[in-house]
Amino acid sequence: MAEHNVVGFNRPGKGRGVEHAGGPPHNGDMEARVSKLEAIAEATRDRLTGVETRLSIIERTMATKEDLHKEINAQTWKLVTFVCGFGSALVAAVYFIAKHTG
């Protein structure tokens, strides 16, 4: 029988991977490996559920691009109004001082 070099499988006694010493399906070590993988899968599922929960909360509360645009626009107009109003007040004060002092 020809030996096949399959990625992820090693020949008996050659480094890591599935050992063929016990022979499938009675490889005693396989049950422990599967149990460990099942435990990891359950832990991963629980963590993923937590991440999905956090993401749904973030999505409900985060600002959209439109929200940011509206707020920036509103702040810009408040600043323009303040600067123009303050500038007009300065012009009026200078005019008043110039008219009454001279």
Side-chain angles (χ1 to χ4, degrees):
M1 187 174 215
E3 246 183 61
H4 297 288
N5 189 6
V6 179
V7 176
F9 291 92
N10 294 331
R11 286 175 274 156
K14 301 284 185 184
R16 295 176 16 190
V18 176
E19 299 293 332
H20 299 283
H26 304 292
N27 187 351
D29 206 21
M30 188 60 69
E31 188 66 34
R33 289 180 180 178
V34 170
S35 296
K36 190 173 185 179
L37 288 172
E38 288 172 344
I40 291 170
E42 288 179 19
T44 303
R45 183 191 64 221
D46 294 342
R47 291 183 73 188
L48 183 59
T49 301
V51 169
E52 288 174 339
T53 302
R54 280 185 249 142
L55 277 177
S56 66
I57 292 169
I58 290 170
E59 286 176 343
R60 281 184 272 151
T61 59
M62 74 179 182
T64 64
K65 190 175 180 181
E66 292 176 10
D67 295 336
L68 292 174
H69 179 71
K70 287 177 185 175
E71 287 301 317
I72 289 171
N73 190 28
Q75 290 297 321
T76 301
W77 281 109
K78 287 179 184 176
L79 181 65
V80 167
T81 303
F82 173 76
V83 169
C84 289
F86 188 68
S88 297
L90 286 177
V91 169
V94 169
Y95 176 77
F96 179 78
I97 292 171
K99 182 156 179 126
H100 292 302
T101 58

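Predicted model, so just to flag it, every value in this text is computed and none were measured.
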Through direct or indirect side-chain contacts below 4.5 angstrom among Ile, Leu, Val, Met, Phe, Trp and Tyr, which residues connect to [X]?
X	answer
L48	none
V51	L55
V83	L79, F82

**Study point:** All side chain to side chain donor-acceptor pair (under 3.5 Å) counterparts of T64, not counting sequence neighbours
**Key:** D67

Point to revise | Residues which pass side chain to side chain contact (heavy atoms under 4.5 Å, CB included) with V91, listed by chain and number, not counting sequence neighbours | key: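 Counting only residues at least two positions away or on another chain, V91 forms no side chain to side chain contact (heavy atoms under 4.5 Å, CB included).
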
Review point. Considering residues at least two apart in sequence or located in another chain, which fulfil the side chain to side chain contact (heavy atoms under 4.5 Å, CB included) criterion with L37?
Key: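 Side chain to side chain contact (heavy atoms under 4.5 Å, CB included) check on L37 returns nothing, list empty.
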
Exercise for review: Sort and list the pairs that fulfil side chain to side chain donor-acceptor pair (under 3.5 Å) and have at least one residue in residues 70-84, not counting sequence neighbours.
Suggested key: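 Of all non-adjacent pairs touching residues 70-84, those that pass side chain to side chain donor-acceptor pair (under 3.5 Å) are N73-W77.
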
Exercise for review: Not counting sequence neighbours, list each pair that qualifies as a side chain to side chain donor-acceptor pair (under 3.5 Å) and has a residue in residues 47-61.
Suggested key: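 Checked against side chain to side chain donor-acceptor pair (under 3.5 Å) - neighbours excluded - no pair reaches residues 47-61.
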
Point to revise | Sequence-distant partners of F96, ring-ring contact (aromatic ring centres under 6.0 Å, His included), two or more places apart | key: H100

